[in-house]
There are 2 protein chains.
Amino acid sequence: MKIHSFKTNESGLNRFFGPLEARIMHILWNGPEMAIKDVQVRLAKEQAINFNTVMTVMNRLVDKGVLRKRAEGRISLFQPTQSLEQFLETQSKELTNDLLEEFGPLVVNHMLDALEEADPALIEQLEQKIQALKKER
Amino acid sequence: MKIHSFKTNESGLNRFFGPLEARIMHILWNGPEMAIKDVQVRLAKEQAINFNTVMTVMNRLVDKGVLRKRAEGRISLFQPTQSLEQFLETQSKELTNDLLEEFGPLVVNHMLDALEEADPALIEQLEQKIQALKKER
DNA sequence: CACCTCACACTACCAATTGTAATGTTCGCA
DNA sequence: TGCGAACATTACAATTGGTAGTGTGAGGTG
């Protein structure tokens, strides 16, 4: 399975995951390989949460392919299948492709506006890349 | 209400709508203001479909703000609140902004690759726009 | 005038997704 | 040898989208 929806009314990891899923991924991405208990304890620091709830969601994340589960004796250790950077890289690439594929020229028109608003320096960066690409040929 | 999610595993209008919703929007965007019956008849040409099913989904689309409903005597006429062009414009803009906001420089790195793959001419177009923007200042 | 039909409203059910949690099972160790 | 921790199984609730039955009201026709 994979991520197949990008939520426009959320932000951060919540764009890709449900709220509990997102908190779990956040923990796993900012720490070492962990057992369910470890995750549950960390979550419980903010909000009491049932162990089984955490287990269910984590196993679902395994089914989705974003977590890897490994048996270590009688406990299971979990870690993301991709680093956060890889994940964002993959997602942003996929979304960029999808956007271009779906909207083509329309998106090009927005890119500059969006870039300027987000960070004008990015426009420079983009131009550099275009120049580099041209030289290549 | 509005569109909250962009599906990466679908294409076309199905990225924004459920399958039946998408077919309904397609019809409404490619024809005049219509009654439920009109839409149902058109849909039924491909697949038998219950009048009430169509009505329910169309009313939900009104709730979501993508259709406008207008009483004409005892029948209701429906039409999109935005033209298809406006809708795609809005969506692509929103998504582009979201993407930049969420990923910033990461997306810039992908844009060229994506552009090149989608249509190399778009890169030209983008460069033109950058030049135009520079002159402006 | 009674009635029938048609358009619409209301309500409900199903499947999938996500959060929640009770109950059941297994296995190591005290 | 039986307890407790970790895991498995199962299920329920809310939400979203597809489906459709039943109820209501208004207009035309016999």
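Naming convention: chains lettered A, B, ... in sequence-line order (proteins, then strands); numbering from 1 in each chain. Keep in mind that this is a model prediction, so the values were computed, not measured.
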| In terms of the nearest nucleotide of DNA chain C, which residue is placed more toward the 5' end: A:F16 or A:N50? | A:F16
| request: Ignoring backbone atoms, test whether A:T53 places a side-chain nitrogen or oxygen under 4.0 Å from the OP1 or OP2 oxygen of C:dG19. | output: no
| To the nearest angstrom, how far is B:R70 atom CZ from C:dC8 atom P? | 13 Å
| remark: In whole angstroms, the gap separating P of C:dT20 from CD of A:E21 amounts to 11 Å
| field | Beyond-backbone contact of A:P80 with A:R68, side-chain heavy atoms, under 4.5 angstrom | value | no
| Nearest-Å distance for atom pair NZ/C1', residues A:K2 and C:dT17 | 19 Å
| Less than 4.5 Å apart, any side-chain heavy atom of B:L122 and any of A:V107? | no
| Got B:F6 and B:D98 here, is their nearest side-chain heavy-atom distance under 4.5 Å? | no
Show me the protein contacts with nucleotides 8-12 of chain D, counting only N or O atoms at under 3.5 Å.
from	atom 1	to	atom 2	distance (Å)
D:dA8	OP2	A:K69	NZ	3.4
D:dA8	N6	A:N52	OD1	3.4

| With B:A35 via side chain to side chain contact (heavy atoms under 4.5 Å, CB included) - residues at least two apart | B:D38, B:I75, B:L77
| said: Could you tell me how far apart A:N14 (CG) and C:dG19 (C1') are, to the nearest whole angstrom? | reply: 13 Å
| query | Is any side-chain heavy atom of A:E127 closer than 4.5 Å to a side-chain heavy atom of B:Q131? | reply | yes
| note | Rounded to whole Å, the CG-P distance (B:D63 to C:dC10) equals 11 Å
| note | Overall bend of the helix from C:dC1-D:dG30 to C:dA30-D:dT1 (five pairs an end, 10° steps) is 50°
| request: Any chance you could list the contact pattern along nucleotides 1-6 of chain C? Use B for base contacts, S for sugar-phosphate-only contacts and - for none, protein heavy atoms under 4.0 Å, 5' to 3'. | output: ------
| task | Send over the distance from B:E72 CD to C:dA7 C1', rounded to a whole Å. | result | 14 Å
| field | Distance, rounded to the nearest Å, where B:F51 contributes CZ and C:dC8 contributes C1' | value | 7 Å
| Summary of salt bridge (Lys or Arg N to Asp or Glu O under 4.0 Å) pairs that have at least one residue in residues 71-95 of chain B, sequence neighbours excluded | B:R70-B:E72
| request: Show the numbers, then the answer: is there a ring-ring contact (aromatic ring centres under 6.0 Å, His included) between A:F103 and B:F87? | output: CA-CA 11 Å; A:F103 298 113; B:F87 177 80; 8.7 Å; no
| Any donor-acceptor N or O pair under 3.5 Å, side chains A:S11, B:E102 | no
| message | What I'd like to find out is whether the side chain of B:F51 reaches to under 4.5 Å of the side chain of B:K37, using heavy atoms alone. | response | yes
| note | The side chain to side chain contact (heavy atoms under 4.5 Å, CB included) partners of A:K129 (sequence neighbours excluded) come to B:N109, B:L112
| query | Mind checking whether B:V54 and B:V41 sit in one hydrophobic cluster, side chains of I, L, V, M, F, W, Y counted as touching below 4.5 Å? | reply | no
| said: If I take atom CG in residue B:L77 and atom P in nucleotide C:dC8, what distance separates them, rounded to the nearest angstrom? | reply: 8 Å
